[in-house]
Amino acid sequence: MKLAGAAASDVGRVRSGNEDSFLIDERLQLFAVADGMGGHQAGEVASATALEALRAAIASGTSMVRSIELANDAVVTRAADDTALVGMGTTLTVASMSPTGITIGHVGDSRAYLLRNNTLYRLTEDHSLVEALVRDGRLTPEQAQLHPQRSVITRALGIDASVQVDHGDIALTSGDRVLLCSDGLTTMVRDGALQRILATTENPEDAANLLVDAANDAGGDDNITAVVIDVIEAPDRLLGAPTPVPNVQTTGTPTKTNTQPERSTKSVRAPRVTEARAPRAPGATGRVIGRIALWALPIVVLLTISFGITVWYSKQGYFAQLANNTVTVYRGVPGGVLGLGPEVEYRSALQSSDLTEAQRSELQKPKRFSTRLAADRYILRLELDHDQRTTPTTTFLPTTTTTVAPSTTPATTSPQ
Ligand code: MG
């Protein structure tokens with residue numbers, strides 16, 4: 001088995017510096033996100049220090065839990081050495097390859113998710129004040145997302161000489177995709193939109209960029225970091241959709257997120273169309289040539305090249321257009337080239353009635369894009385815009401500074 005990851009990290013639209021850090025070490029098969037806190041760049045130092053110490057510990061064969069404890073030591077020591085850094089801390093969420101999948105280690109309110117068979121499972125529980133209140137039934141998840149103290153976390157690295165680490169193994173199969181992210185993503189973008197982006201974007205780099213774009217489009221209140229990890233070269237195992245992925249919590253019941261897209265009436269994307277009109281493979285062409293008269297060769301070559309160019313040109317670009325009241329993305333040239341028409345790439349979940357008047361009139365005609373990613377971004381914007389117009393609770397309160405609840409108040413610490 002092999003894991004391949006890509007990341008995107010952005011300062012967001014409100015903060016002046018990016019205190020998030022991430023780690024992708026493909027040689028060690030180690031991936032992590034850390035969200036630092038503390039004034040005057042101390043947060044950046046905390047998150048970077050934790051990741052450096054983590055990498056060194058894992059590289060020397062140390063266990064996940066012990067490595068995170070060593071990362072905690074490193075942040076505590078660094079803060080003790082420099083008065084400008086006193087009070088700094090960081091979250092840390094780690095995935096490293098294990099014999100059957102990944103080992104997750106986790107402290108704070110960054111998160112790990114697993115996308116399997118288009119269903120999104122949340123693998124970690126936030127160590128935050130609001131999540132503790134949700135667990136106690138004193139807040140609904142919706143209230144938690146808008147709560148003014150939603151940034152208050154109850155566990156972090158760098159605060160105390162000891163740290164309690166959540167950890168667990170997750171078995172993986174080929175096609176699984178793991179997301180590690182900071183709260184700047186999850187406080188801005190709901191699980192349904194995360195699922196949609198992860199399930200419909202082919203490569204991890206594009207997925208990470210689209211996730212960051214979505215958080216910025218929603219306001220970008222905080223630094224945003226997303227690490228998207230694909231499982232490749234793995235055995236196909238039946239770790240089927242209905243089997244819940246074990247929660248890494250040492251206590252509590254497995255939590256599965258609301259995995260339904262906001263509008264679950266239609267599938268978001270059809271499988272890619274195959275290249276049925278691709279030119280003949282070279283080997284096959286060679287066998288045909290052997291049977292025809294030599295004088296025909298230049299004509300055949302010329303016709304093959306012309307046909308190849310026509311096929312190539314007819315597949316250039318993408319465009320979106322309303323078709324049967326559905327926003328549809330096509331590959332090819334509107335109207336077709338020499339009888340080779342455009343092909344449906346996918347039909348989005350958006351109906352004509354989901355659009356504004358201006359969007360509708362724009363999509364009466366083909367709207368062209370040079371790449372599939374550009375078309376995906378356009379559809380995603382339309383979907384997010386529709387969600388915002390149809391969901392009443394999208395106004396976010398001003399972000400409060402991330403602080404750590406005093407360790408003398410065990411009532412807010414999640415029970416273990
Ligand atoms: Mg944050």
Side-chain angles (χ1 to χ4, degrees), residues 7-23 31-51 54 68 71-72 75 85 87-95 105-113 122-132 134 141 144-159 163 166 179-191 193-194 208-209 211-228 396-405 412 414:
S9 186
D10 190 73
V11 66
R13 297 246 163 104
V14 175
R15 301 291 175 94
S16 57
N18 190 351
E19 300 187 315
D20 287 357
S21 297
F22 65 85
L23 170 65
F31 307 84
V33 165
D35 176 353
M37 69 203 93
H40 300 288
Q41 279 98 53
E44 282 172 55
V45 176
S47 59
T49 303
L51 292 185
L54 172 84
I68 293 177
N72 182 56
V75 180
L85 301 176
M88 71 175 181
T90 184
T91 71
L92 182 57
T93 300
V94 188
H106 168 66
V107 176
D109 68 348
S110 300
R111 289 183 182 176
Y113 288 88
R122 191 167 135 198
L123 302 177
T124 53
E125 192 169 87
D126 295 347
H127 303 135
S128 68
L129 182 62
V130 290
E131 187 133 321
V134 169
Q145 204 175 17
L146 298 171
H147 197 280
Q149 286 183 290
R150 65 184 184 277
S151 301
V152 176
I153 60 176
T154 51
R155 271 198 241 170
L157 268 61
I159 306 306
V163 64
D166 285 354
L179 167 69
L180 307 179
C181 61
S182 62
D183 70 326
L185 177 65
T186 50
T187 53
M188 295 279 107
V189 183
R190 281 169 297 153
D191 286 345
L194 297 182
N209 284 322
L211 291 168
V212 168
D213 286 352
N216 273 326
D217 287 347
D221 283 353
D222 192 3
N223 306 146
I224 311 142
T225 300
V227 175
V228 177
F396 287 93
L397 295 170
T399 309
T400 53
T401 309
T402 302
T403 51
V404 174
T412 63
S414 41

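Along the sequence shown, residues carry numbers from 1. As the structure is a prediction and not an experimental result, all values here were calculated from the model. Start at 1 and go down the list; that is how both ligands and their atoms are numbered.
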*Please round to the nearest 0.5 Å and tell me the distance separating atom CD of Glu125 and atom NE2 of His106.*
8.0 Å
_Considering only N, O or S atoms of Asp183, the one closest to the Mg ion (ligand 1)_ = OD1
*Do any of the N, O or S atoms of Asp222 sit under 2.8 Å from the Mg ion (ligand 1)?*
yes
_Could you identify the N, O or S atom of Asp35 positioned closest to the Mg ion (ligand 1)?_
OD2
*Should Val134 and Asp126 be marked as a side chain to side chain contact (heavy atoms under 4.5 Å, CB included) after you check the CA-CA gap, both sets of side-chain angles, and the distance that decides it?*
CA-CA 11 Å; Val134 169; Asp126 295 347; over 6 Å; no
*asked:* Test of understanding: with side-chain contact (heavy atoms from CB on, under 4.5 Å), list the residues that count as partners of Asn216, not counting sequence neighbours.
replied: Asp10, Arg13, Val212, Ile224
*Examine distances only and state if a side-chain atom of Asn223 and a backbone atom of Glu19 form a donor-acceptor pair shorter than 3.5 Å.*
yes
